2 protein chains.
Amino acid sequence: MKDSNRSGCPINLTLEILGDRWSLIVLRDMMFGNRRHFRELLTKSEEGIASNILADRLKRLVAEGLITKEDDPSHKQKALYSLTEMGIALVPVFAMMGAWGRRFLPVTEELSIRAELLEDGGPDMWAAFADELRAIHMGAPMPARSVFGELQAAYEAAVARRAG
Amino acid sequence: MKDSNRSGCPINLTLEILGDRWSLIVLRDMMFGNRRHFRELLTKSEEGIASNILADRLKRLVAEGLITKEDDPSHKQKALYSLTEMGIALVPVFAMMGAWGRRFLPVTEELSIRAELLEDGGPDMWAAFADELRAIHMGAPMPARSVFGELQAAYEAAVARRAG
DNA sequence: CAAAACTGCTTGCATAATACAATCAGTTTT
DNA sequence: AAAACTGATTGTATTATGCAAGCAGTTTTG
């Protein structure tokens with residue numbers, strides 16, 4: 001993973017940044033799970049990322065401009081990670097990847113309900129979600145609609161359905 | 001890259017198959033460059049994939065069901081690789097990734113003109129392109145519209161523009 | 001018809017990425 | 001004061017990638 005610039009193709013350049021097994025997982029958890037701190041990302045991840053890999057990816061994503069890192073005022077040791085516009089702009093990519101995965105791979109209902117909503121919601125929903133992420137991560141005014149809330153409610157309903 | 005199934009999340013499962021630096025490059029070249037043979041993929045790739053990596057990726061993509069491999073009737077040693085429906089269904093993912101890369105990364109005009117067309121064309125164009133790929137790779141009847149031709153023409157015009 | 005070029009790979013070796021467990025110094029909570 | 005929590009780092013082992021060379025069989029070329 002060096003910044004070799006193998007070619008100026010948009011697909012290639014995207015893969016040079018995101019083409020590994022963990023970068024998009026970290027961004028997914030920040031975006032859809034609202035995880036902003038190291039330990040949250042480390043321990044609440046379904047997939048179990050290793051701490052050295054997480055540290056490396058966070059550093060790299062900051063360097064590439066997809067996220068920022070700042071001190072958390074509430075705790076002298078806490079670092080707060082936030083999505084940038086570049087990170088938020090991945091919403092449609094996540095939507096399409098989720099749709100593809102849902103169609104062809106052995107997903108679990110619980111973990112794919114958000115992907116289903118996002119696929120059905122289409123570009124309007126993606127834009128509303130991006131607006132909300134700009135509010136949460138970039139200090140923009142909070143919009144009326146909470147796509148995050150819709151996704152989270154659907155997820156929690158699916159969990160409750162399974163449990164009960 | 002083992003089939004560990006870290007989780008049933010559609011994003012994660014997609015990354016377990018496509019989350020590396022080469023799989024999507026190979027698929028891109030098959031899809032947009034119409035490369036169907038090993039040497040074509042090896043030597044005509046902008047990025048310069050190594051032969052052992054290419055061999056591994058082709059094997060893996062066949063195993064995962066994104067492409068198929070068959071004997072080329074015209075040459076006893078040639079293997080012909082074709083996209084499956086699962087591979088063709090990545091068209092929207094490529095479109096969204098290309099759009100993101102074009103917006104945030106230092107793409108070259110020549111190599112991003114196809115991404116621009118695909119982004120502007122939207123879901124209708126993606127569907128037409130998928131139809132055409134089904135004809136080329138899966139023996140379906142050839143549709144009237146050739147998105148491949150449109151993309152190729154735009155690319156060649158961009159190359160000519162730079163050269164002359 | 002022999003030489004050259006082409007076919008899809010494989011092999012060997014060096015470097016880089018990933019996984020896993022343990023650890024750490026400072027901070028906050030109990 | 002002890003325990004738990006903070007964002008990491010370190011060490012070691014395994015796996016992936018990159019690079020160059022080679023290989024047996026096939027087709028093209030002179």
Side-chain angles (χ1 to χ4, degrees), chain A residues 1-7 12 15-27 29-30 33 35-64 67-82, chain B residues 1-7 12 15-27 29-30 33 35-64 67-82:
Chain A
M1 268 192 201
K2 46 190 172 189
D3 47 359
S4 43
N5 251 40
R6 304 185 299 193
S7 88
N12 172 61
L15 286 176
E16 289 194 25
I17 292 180
L18 299 173
D20 71 276
R21 299 171 87 65
W22 288 111
S23 297
L24 283 172
I25 295 287
V26 172
L27 290 166
D29 284 352
M30 289 183 67
R35 311 220 220 287
R36 311 285 296 275
H37 302 112
F38 191 94
R39 288 277 162 171
E40 279 181 312
L41 288 163
L42 183 68
T43 61
K44 293 183 184 169
S45 150
E46 285 279 339
E47 291 83 12
I49 190 170
S51 61
N52 54 347
I53 307 290
L54 175 58
D56 177 81
R57 287 309 176 279
L58 287 170
K59 204 171 295 180
R60 195 168 276 168
L61 291 171
V62 168
E64 297 287 358
I67 63 176
T68 59
K69 175 185 180 178
E70 61 191 311
D71 291 341
D72 186 329
S74 75
H75 190 302
K76 283 186 182 173
Q77 268 184 327
K78 275 189 181 175
L80 182 67
Y81 292 96
S82 305
Chain B
M1 268 190 204
K2 47 190 172 188
D3 47 1
S4 42
N5 251 40
R6 303 184 299 191
S7 86
N12 172 62
L15 286 175
E16 290 194 23
I17 292 180
L18 299 173
D20 71 278
R21 300 171 86 64
W22 289 112
S23 296
L24 283 171
I25 295 286
V26 172
L27 290 165
D29 284 352
M30 290 184 67
R35 311 218 219 289
R36 311 286 296 274
H37 301 113
F38 190 93
R39 289 278 163 171
E40 279 181 311
L41 288 162
L42 184 66
T43 61
K44 293 183 185 171
S45 150
E46 285 278 338
E47 290 84 13
I49 190 171
S51 61
N52 53 347
I53 308 290
L54 175 58
D56 177 80
R57 287 309 177 278
L58 287 169
K59 203 171 293 178
R60 197 167 277 170
L61 291 171
V62 168
E64 298 286 359
I67 63 175
T68 58
K69 176 185 180 180
E70 62 191 311
D71 290 341
D72 186 330
S74 75
H75 189 304
K76 284 186 184 171
Q77 268 184 325
K78 275 190 180 173
L80 181 68
Y81 292 95
S82 305

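These numbers come from a predicted model, not from an experiment. Protein chains get the first letters and strands the later ones, always in sequence-line order, with residue 1 at the start of each.
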Separation of atom [atom1] in [X] from atom [atom2] in [N], rounded to whole Å:
X: A:Leu61; N: D:dA8; atom1: CG; atom2: P; value: 13 Å
X: B:Ile25; N: D:dT17; atom1: CD1; atom2: C1'; value: 15 Å
X: B:Glu47; N: D:dC19; atom1: CD; atom2: C1'; value: 17 Å
X: B:His75; N: C:dC6; atom1: NE2; atom2: P; value: 11 Å
X: A:Glu16; N: D:dG18; atom1: CD; atom2: P; value: 10 Å
X: B:Arg21; N: C:dA16; atom1: CZ; atom2: C1'; value: 11 Å
X: B:Lys78; N: C:dC9; atom1: NZ; atom2: C1'; value: 15 Å
X: A:Leu54; N: D:dG7; atom1: CG; atom2: C1'; value: 9 Å

Would you call [X] and [Y] a side-chain contact if the rule is heavy atoms closer than 4.5 Å?
X: A:Leu41; Y: A:Leu58; answer: yes
X: A:Lys69; Y: A:Leu80; answer: no
X: A:Glu46; Y: B:Asn12; answer: no
X: B:Leu61; Y: B:Leu27; answer: yes
X: B:Ile25; Y: B:Ile49; answer: no

Basic-acidic side-chain contact under 4.0 Å: B:Asp20, B:Arg57 =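 Salt bridge flag = yes for B:Arg57 with B:Asp20.
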Identify, between B:Lys76 and B:Ile49, the residue whose nearest nucleotide on DNA chain D lies closer to the 5' end.
->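 With B:Lys76 and B:Ile49 compared, the 5'-side residue is B:Ile49.
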Please answer whether the main-chain N or O of A:Arg60 pairs with a side-chain N or O of A:Glu64 as donor and acceptor at a distance below 3.5 Å.
->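 No, the answer is negative, given that no donor and acceptor are paired below the 3.5 Å cut-off.
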Mind grabbing the angle between the end helix axes of the helix from C:dC1-D:dG30 to C:dT30-D:dA1? Five pairs an end, 10° rounding.
->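 Here the helix ends are tilted 20° relative to one another.
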Residue pair A:Leu15 / A:Arg6: nearest heavy atoms and the distance that separates them |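 Heavy atoms only, the tightest pair is CB-NH2, 4.4 Å.
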Could you pull out the closest heavy-atom pair between B:Gly48 and B:Ser45, with the gap in Å?
->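 Looking at all heavy atoms of both residues, the closest pair is N-OG, 3.2 Å.
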Among the nucleotides [options], which one has an atom lying closest to any side-chain atom of [X]?
X: A:Ile53; options: C:dT18, D:dA8, D:dT17; answer: C:dT18
X: B:Gln77; options: C:dG8, C:dA19, C:dT7; answer: C:dT7
X: A:Arg39; options: C:dT18, D:dG7, D:dT17; answer: D:dG7

Quick one: on DNA chain C, does A:Trp22 or B:Glu40 contact a more 5' nucleotide (nearest heavy atom)?
->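 Its nearest nucleotide lies further toward 5', so the answer is B:Glu40.
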Reading nucleotides 9-14 of chain D 5' to 3', which nucleotides get B (base under 4.0 Å from a protein heavy atom), which S (sugar-phosphate only), which -?
-> BBB---
